[in-house]
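Here the structure comes first, spelled out in structure tokens, and everything after it is commentary.
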Amino acid sequence: MPIERCVLLDLPKISDPRGNLTFIEGGRHIPFDIKRVYYLYDVPGGAERGGHAHKELHQLIVAMSGSFDVVLDDGTGKKRIHLNRSYSGLYVCPMIWREIDNFSSGSVCMVLASITYSETDYYRDYSEYLSALKQSS
Ligand code: TYD
């Protein structure tokens, strides 16, 4: 899957002097139904997460608080995207290698996922991921 398919999606934002509200409906604001939600928090300074690709999984990554960078890699090119808005989400399609770093202190990375957790959906070895890309092209 080309990296260009991974786009920043603007999420609905209801601005209010009492505080803003954002909502996400699966299949409407994002191109998949939501089967799972997980989040990264208490990330120590300098830590890196990710370092894998998924065979089938579609995801939306949102900086609920603070900021971090997502580095996307489709085996051909790389793109670094800084996330720091809770009303903007990065859609990541299957077969994209991703790394997440540069976490600010107190940041929370929320991920909406299209399937439940399955270790068999992961490529955790970069050369294995590249071979799989070659076989599918
Ligand atoms: P991993 O996906 O490697 O984390 P990250 O991409 O954020 O660095 O998952 C870390 C561990 O957590 C791994 O042992 C699998 C487990 N895990 C679950 O059990 N369920 C989940 O939904 C997720 C995302 C991870």
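Computed from a predicted model, the values in this text were never measured in an experiment. Both ligands and their constituent atoms are indexed starting at 1 by order of listing.
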With a 4.0 Å cut-off, would you call D101 and R80 a salt bridge?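 Yes, D101 and R80 are salt-bridged.
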E119/R124 ion pair, N-O < 4.0 Å: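 Salt bridge flag = yes for R124 with E119.
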Output the set of protein residues with a heavy-atom contact under 4.0 Å to ligand 1, ordered first by chain identifier and then by residue number.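 Under the 4.0 Å cut-off, ligand 1 touches R36, Y38, L40, R49, G50, H52, Y117, Y122, R124.
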Taking atom types as modelled and ignoring hydrogens, do the side chains of [X] and [Y] form a donor-acceptor contact shorter than 3.5 angstrom?
| X | Y | result |
| --- | --- | --- |
| D73 | Y129 | no |
| Y91 | H58 | yes |
| E128 | Y122 | no |

For Y41, enumerate each residue passing the ring pair (Phe, Tyr, Trp, His ring centres under 6.0 Å) test, keeping only those at least two apart in sequence or located in another chain.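 Scan of Y41 (ring pair (Phe, Tyr, Trp, His ring centres under 6.0 Å), adjacent residues dropped) gives Y39.
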